[in-house]
Amino acid sequence: MSSTQHTPHTPHTQHPPHPPLPYYEDVSPGSGGLPPRAWSAETDAARLSLNGTWAFRLSPTATAEDGSFARPGYDASGWDEIPVPAHWVLHGHGAPIYTNHLYPFPVDPPRVPTENPTGDHLRGFDLPPGWPEGGDAVLRFEGVESCARVWLNGEELGTFKGSRLPHEFAVGGLLRPRGNVLAVRVHQWSSGSYLEDQDQWWLPGIFREVTLEHRPEGCLEDYFVHASYDHVRGAGTLRIDADPGGRVTVPELGLDLATGESVSVPVEPWTAETPRLYEAWLTTVGESVPLRIGFRTVVVEDGVLKVNGRRVLFRGVNRHEFHPESGRAVDLETMRADLVLMKQHNINAVRTSHYPPHPAFFGLCDELGLWVIDECDLETHGFVEMDWRGNPVDDTRWTPALVDRAARMVERDKNHPSIVMWSLGNECGTGRGLSAMADWIRERDPSRVIHYEGDLSCADTDIYSRMYAPHDEVEQIGRRVEPPWGDPELDAKRRRLPFIQCEYAHAMGNGPGGLSEYQRSFEAHERCQGGFVWEWIDHGLAKRTADGTPYFAYGGDFGEELHDGNFVCDGLVFPDRTPSPGLTEYKKVIEPVRIDGDGAAGSVRIANHHDFADLSHLVFSWAYEAEGDVLASGELAVPPLGPGLAAELKLPTPPETEPGQETRWTVEARLAATTAWAGTGHPVAWGQLPARVRTEQPHPTAPQEAPRRDTGRIGLGPGTFDAATGELMALGALAVSGPRLDVWRAPTDNDNGASWQPDERYGLIWRELGLHRMKHRVDAVEPDATGLTVRVRVAAAATDLALDTVYRWTAAGDRLRLAVSVTPRGEWSCPLPRLGLRMGVPASLGQAEWFGGGPGEGYPDTRAACRLGRWALSVDAMQTPYVRPQENGARPDVRWARLSAPDGRGVRIEGAPPFWFTARRWTGEQLAAAAHTPDLVASEDTVWVNLDHGQQGIGSLSCGPGVLEPYRHRAAPAEFTFAFSPLE
Ligand code: IPT
């Protein structure tokens with residue numbers, strides 16, 4: 001949880017005097033290294049990658065081995081091998097640990113445990129042929145967790161901390177043409193670990209590149225591209241400061257100027273929607289680097305964050321670096337795949353939670369077009385357990401380490417137009433160190449906005465940021481009427497700031513619910529400039545069961561002493577980057593074009609919600625559908641509306657349809673041309689407009705057949721019932737079990753809620769009430785002249801809560817109709833998980849088809865992306881493989897569904913009103929009992945079908961607000977009907 005107050009600096013408890021702390025425990029950021037500088041993806045200076053196979057030895061403590069391995073001639077033939085980049089715990093040495101905010105070691109900063117896994121890494125290398133004579137060379141580490149000591153050819157270069165930040169050493173004088181020996185000792189724990197308590201796996205190792213870079217005489221020490229855009233004049237102003245000075249050329253703009261010189265020319269600006277970049281060269285006496293320049297200006301003006309003069313709305317995600325096999329060692333293709341997938345899902349912004357990612361990431365954001373919050377590698381969340389006592393962020397001894405981190409981030413990444421905000425870190429309380437970071441950044445780069453969420457006073461920031469603020473609070477903030485907080489002057493300042501949710505909509509398991517309502521607030525209030533869903537990807541690590549079945553592991557699966565279970569799996573994509581239903585929902589909710597209107601009147605309204613782009617990059621089409629069948633379709637001419645504009649358009653005259661048929665328009669917007677992230681025709685937005693609404697399906701009521709009595713059986717139309725229990729046993733030749741009333745669902749992570757949210761953890765309450773072990777007491781089985789009535793009291797042991805249920809069966813022809821009426825008895829203080837029927841059909845009925853919402857799953861508050869149509873999927877494909885199994889797979893608004901075997905036999909089910917349709921090869925109880933996907937074993941006999949009248953919403957209580965009132969499924973009297981027909 002966020003710190004909401006300034007904590008005074010508390011002096012450390014006095015320890016008896018001890019010798020100076022070793023480098024891995026002292027609070028310094030390191031020693032012997034070079035100051036930070038801008039990173040260039042490319043240069044004409046020589047570079048040698050030192051990635052590859054290294055010799056590796058793991059020791060249990062920091063001092064178990066001496067440093068003699070660093071000496072040339074050391075015999076490491078007995079060592080293991082490890083790839084660089086990599087985390088050793090993912091290569092058979094030790095194991096990963098997952099904790100959310102708890103430090104997995106005793107909190108006694110800056111001391112770390114004696115048990116401190118230490119990985120010695122060793123490799124030899126020769127300089128490649130043609131490595132230039134003269135000049136210097138630097139050895140560069142892009143990322144090492146958490147502390148390293150480095151030697152080249154037996155000489156110690158120094159030490160460093162700051163895992164996801166670059167570190168360099170000057171090595172020119174030590175290099176030999178052949179037989180260089182590079183030795184790196186890496187400690188898992190260091191004083192730096194106290195600053196790196198992010199909610200993620202602890203993954204030690206050299207996890208990003210190691211490179212030797214030649215630094216010719218007169219090479220670029222550092223450079224800073226200043227490229228702003230004046231939206232009034234349509235002009236870009238360019239000035240590149242460089243050390244040493246040199247020349248800048250931008251051929252496309254006909255520019256050739258000196259560094260330090262400023263020039264204004266007409267340009268096309270850079271935005272995330274129109275990521276216009278200009279190729280340029282920066283040349284000094286000794287080095288030449290290619291640049292890609294984007295002109296844009298970021299300001300907070302009149303309480304609104306503006307880029308190039310316009311308000312922007314962030315449709316963002318928090319992205320951790322993660323790969324299920326390689327952890328935070330993520331290659332360029334994976335980075336690009338992430339960003340392409342984001343762009344394809346209408347996402348326009350990334351917060352690099354909670355550390356600067358691989359530097360190449362920003363080049364991709366510049367190119368593809370994403371707004372970025374670059375966040376520093378800083379989190380001290382575990383101090384919340386001590387009420388923030390001893391927090392390094394408010395202990396000035398740590399300030400140099402904090403400012404070092406800020407500087408390493410800003411200097412490395414400062415030349416990217418995509419970065420619009422610097423974030424000081426995450427969840428680290430408040431204090432003087434944080435202010436020092438902000439001051440340093442503001443001084444060095446006044447062209448961007450400073451972000452930090454953990455300080456409600458916003459003392460150091462330019463933007464008001466919250467995480468998981470509930471919908472009503474966002475509304476208040478939007479109207480700038482949030483409750484006053486803290487110092488009146490700071491309160492007044494905060495009230496004038498723009499607002500973002502740097503984290504919201506916790507995407508753990510099934511969910512998040514309530515996205516549409518957030519988006520409404522973001523669009524209604526100028527101050528609300530959007531948010532960043534927590535988070536992009538599930539950090540499930542690839543593992544296999546003893547029999548080789550692959551699955552994704554989470555906290556506790558590696559024998560950790562302390563862990564936070566599957567809280568590490570809370571992404572919009574699964575660990576293998578397949579989109580989860582949450583991503584599909586988010587794409588729909590944030591689509592940059594809104595399509596609605598009055599289908600019955602044949603008119604459609606198209607609203608352009610882009611911040612910069614007009615609609616000329618999209619083509620529109622319409623389709624007219626009856627009962628899910630497309631009867632006619634065509635192109636829709638939409639004018640190239642500018643951002644923020646809307647138009648009402650007339651739809652064509654629809655074709656004739658049979659009376660009583662339900663008809664609707666589906667209007668879609670697709671890309672008119674291929675972009676860097678999707679091909680022509682890629683769907684961007686859609687809307688469905690009902691033309692003629694459904695007249696309630698008339699289940700034939702007459703002539704109603706009379707039941708047939710047999711020994712122990714009752715026949716009614718195609719149905720055969722057990723005369724004692726009144727349960728349906730067969731439908732024609734098809735053996736079935738049930739249907740009978742069912743209210744349980746395998747609790748979702750959001751049903752269970754986070755431990756610090758005590759009130760609405762219905763997943764736990766449902767279990768306490770025994771909704772997963774309801775008993776069905778048959779009170780009456782009453783055949784009469786026109787059908788069969790079965791009365792049942794459904795209730796769990798130890799409670800007087802009950803659902804009195806009357807099943808009324810009638811039949812006509814091959815249709816068996818069931819009217820269910822349910823009356824709750826007793827004081828139901830919680831919503832029901834669901835209310836419906838559960839039915840078993842033969843396992844051979846593995847193919848589903850339905851007319852209703854689809855193709856993916858949807859729940860009351862997560863169904864924006866479900867379109868009404870006719871869908872067909874196998875039962876297996878209807879499952880959503882949440883890393884921790886839980887309720888999934890319901891399809892909303894289903895009018896009818898069929899389940900069939902390959903030979904065409906099966907069952908057709910119609911519902912009135914429309915129902916929630918779920919089919920799976922295990923029961924809800926089995927689903928709830930499973931901890932990992934391989935625990936779900938398909939029944940050989942049965943496909944279980946849920947036909948639900950109601951479902952509880954999903955919400956995001958796993959780390960946010962619960963289910964909004966309209967989506968709570970209160971226990972109340974209910975009536976619903978189904979008609980079953982055998983398919984033969
Ligand atoms: C918030 C953290 O910033 C993030 O790292 C992650 O832990 C997320 O929540 C939950 O998955 S902190 C939260 C306890 C408010």
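What's counted below: heavy atoms across the whole structure, side chains too, no hydrogens, waters or symmetry copies.
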| task | State whether the side chain of D80 and the backbone N or O of F56 hold a donor-acceptor pair below 3.5 Å, judged by distance alone. | result | no
| note | So the side-chain hydrogen bond (donor to acceptor under 3.5 Å, both in side chains) pairs with at least one residue in residues 83-98 (sequence neighbours excluded) are Y98-D199
| query | When rounded to the nearest 0.5 angstrom, what distance separates CD1 in I441 from CG in L424? | reply | 5.0 Å
| Shortest non-hydrogen contact from P359 to E142? | CG-OE1, 3.6 Å
| request: May I ask you to check whether H451 and S465 show a side-chain donor-acceptor distance below 3.5 Å? | output: yes
| message | Can you list everything that forms a salt bridge (Lys or Arg N to Asp or Glu O under 4.0 Å) with K588? Sequence neighbours excluded, please. | response | E591
| Quick one: salt bridge (Lys or Arg N to Asp or Glu O under 4.0 Å) partners of R296, sequence neighbours excluded? | none
| message | Tell me whether R336 is salt-bridged to E367, with the criterion being a basic N under 4.0 Å from an acidic carboxylate O. | response | yes
| task | Could you pull out all residues at least two apart from R310 that satisfy side chain to side chain donor-acceptor pair (under 3.5 Å)? | result | none
| Which atom names give the shortest non-hydrogen contact between G425 and Y452, and what distance separates them? | O-CD1, 3.4 Å
| request: Using atom types as modelled and distance alone, determine if a side-chain donor or acceptor of H320 lies under 3.5 Å from a backbone N or O of N318. | output: no
| said: Parallel, tilted or perpendicular, judged at 30° and 60°: which one describes the rings of H416 and F362? | reply: tilted
| request: Run the salt-bridge test on E411 and R37 with the 4.0 Å N-O cut-off and return the result as yes or no. | output: no
| Within a strict 4.5 Å, meaning less than it, do heavy atoms of the V298 and L305 side chains meet? | yes
| note | With sequence neighbours left out, the residues meeting side chain to side chain donor-acceptor pair (under 3.5 Å) with N426 are R351, H354, E379
| Got a second to check how far H101's NE2 is from T380's OG1, nearest 0.5 Å? | 11.0 Å
| remark: When rounded to the nearest 0.5 Å, the distance separating CG of L195 from NZ of K161 is 9.5 Å
| Does the N346 side chain pair with the main chain of I590, one donor and one acceptor, at a distance under 3.5 Å? | no
| request: Identify the two heavy atoms, one from Q529 and one from V312, that lie closest to each other, and give their separation to 0.1 Å. | output: NE2-O, 2.8 Å
| query | Any sub-3.5 Å donor-acceptor pair from E196's side-chain atoms to S163's backbone N or O? | reply | yes
| task | Step through it carefully: locate the ring centre of H539, locate the ring centre of Y554, and say whether they are under 6.0 Å apart. | result | no
| field | Side-chain donor/acceptor of Y586 to backbone N/O of G316, under 3.5 Å | value | yes
| With a 4.5 Å limit on heavy-atom distance, are the side chains of W189 and P117 in contact? | yes
| query | Listed by chain and number, what are the ring pair (Phe, Tyr, Trp, His ring centres under 6.0 Å) partners of F558, not counting sequence neighbours? | reply | W201
| task | Quick one: list whatever passes side chain to side chain contact (heavy atoms under 4.5 Å, CB included) with R47, sequence neighbours left out. | result | S40, T43, T211, E213
| remark: Correct closest heavy-atom pair for F207 and R328 would be CD1-O, 3.4 Å
| query | CG/L203 to CG/L541 distance, rounded to the nearest 0.5 angstrom? | reply | 7.0 Å
| message | Please check this pair: side chain of N415 against backbone of Y223, looking for a donor-acceptor N/O pair closer than 3.5 Å. | response | yes
| request: Specify whether F169 and F141 have parallel, tilted or perpendicular ring planes, treating 30° as the upper limit for parallel and 60° as the lower limit for perpendicular. | output: perpendicular
| field | Whether Y278 and F295 hold their rings parallel, tilted or perpendicular, with breakpoints at 30° and 60° | value | perpendicular
| Do the side chains of P356 and D413 get nearer than 4.5 Å, heavy atoms only? | yes
| query | Taking only residues two or more places apart in sequence or in another chain, which ones pass side chain to side chain contact (heavy atoms under 4.5 Å, CB included) with T862? | reply | E585, Y859, I954
| query | Roughly how far apart are L182 CG and L50 CG, rounded to 0.5 Å? | reply | 6.0 Å
| Are any side-chain N or O atoms of R670 and backbone N or O atoms of G681, one a donor and one an acceptor, separated by less than 3.5 Å? | yes
| query | When the ring centroid of H226 is compared with that of F224, is the distance short of 6.0 Å? | reply | yes
| Taking only residues two or more places apart in sequence or in another chain, which ones pass salt bridge (Lys or Arg N to Asp or Glu O under 4.0 Å) with D374? | none
| said: Applying salt bridge (Lys or Arg N to Asp or Glu O under 4.0 Å), can you list everything that pairs with R215, at least two apart in sequence or on another chain? | reply: E287
| query | Can you name the nearest heavy-atom pair linking R412 to P357, along with the distance? | reply | NH2-O, 2.7 Å
| Ring centroid separation H506 to F567 under 6.0 Å | yes
| message | Using 30° and 60° as the class boundaries, would you call the ring planes of H121 and W54 parallel, tilted or perpendicular? | response | perpendicular
| task | State which residues pass side chain to side chain donor-acceptor pair (under 3.5 Å) with E321; sequence neighbours excluded, sorted by chain then number. | result | R208
| task | For the pair S580 (side chain) and L572 (backbone), establish whether a donor and an acceptor sit closer than 3.5 Å, ignoring hydrogens and angles. | result | yes
| task | Measure from the side-chain N and O atoms of N348 to the backbone N and O of K343, and report whether any donor-acceptor pair falls under 3.5 Å. | result | no
| Checking ring-ring contact (aromatic ring centres under 6.0 Å, His included) against Y504, which of F314, F522, F532, Y468 comes through? | F522
| note | Those residues at least two apart in sequence (or on a different chain) that pass side chain to side chain contact (heavy atoms under 4.5 Å, CB included) with A505 are P512, L515, V533
| Are a donor atom and an acceptor atom from the side chains of S418 and D366 found within less than 3.5 Å of each other? | yes
| query | Counting N and O atoms only, with roles assigned by atom type, does the side chain of E268 sit under 3.5 Å from a partner on the main chain of R276, one being a donor and the other an acceptor? | reply | no
| remark: Distance col, row R140:CZ vs E209:CD, nearest 0.5 angstrom, shows 9.5 Å
| task | Could you walk me through whether R444 and D222 pass the salt bridge (Lys or Arg N to Asp or Glu O under 4.0 Å) test, one step at a time? | result | CA-CA 13 Å; R444 178 66 174 141; D222 193 16; 3.5 Å; yes
| Which heavy-atom pair separates A676 from L368 by the least distance, and what is that distance? | CB-CD2, 3.6 Å
| Is a salt bridge present between K543 and D557, judged by a nitrogen-to-oxygen distance below 4.0 Å? | no
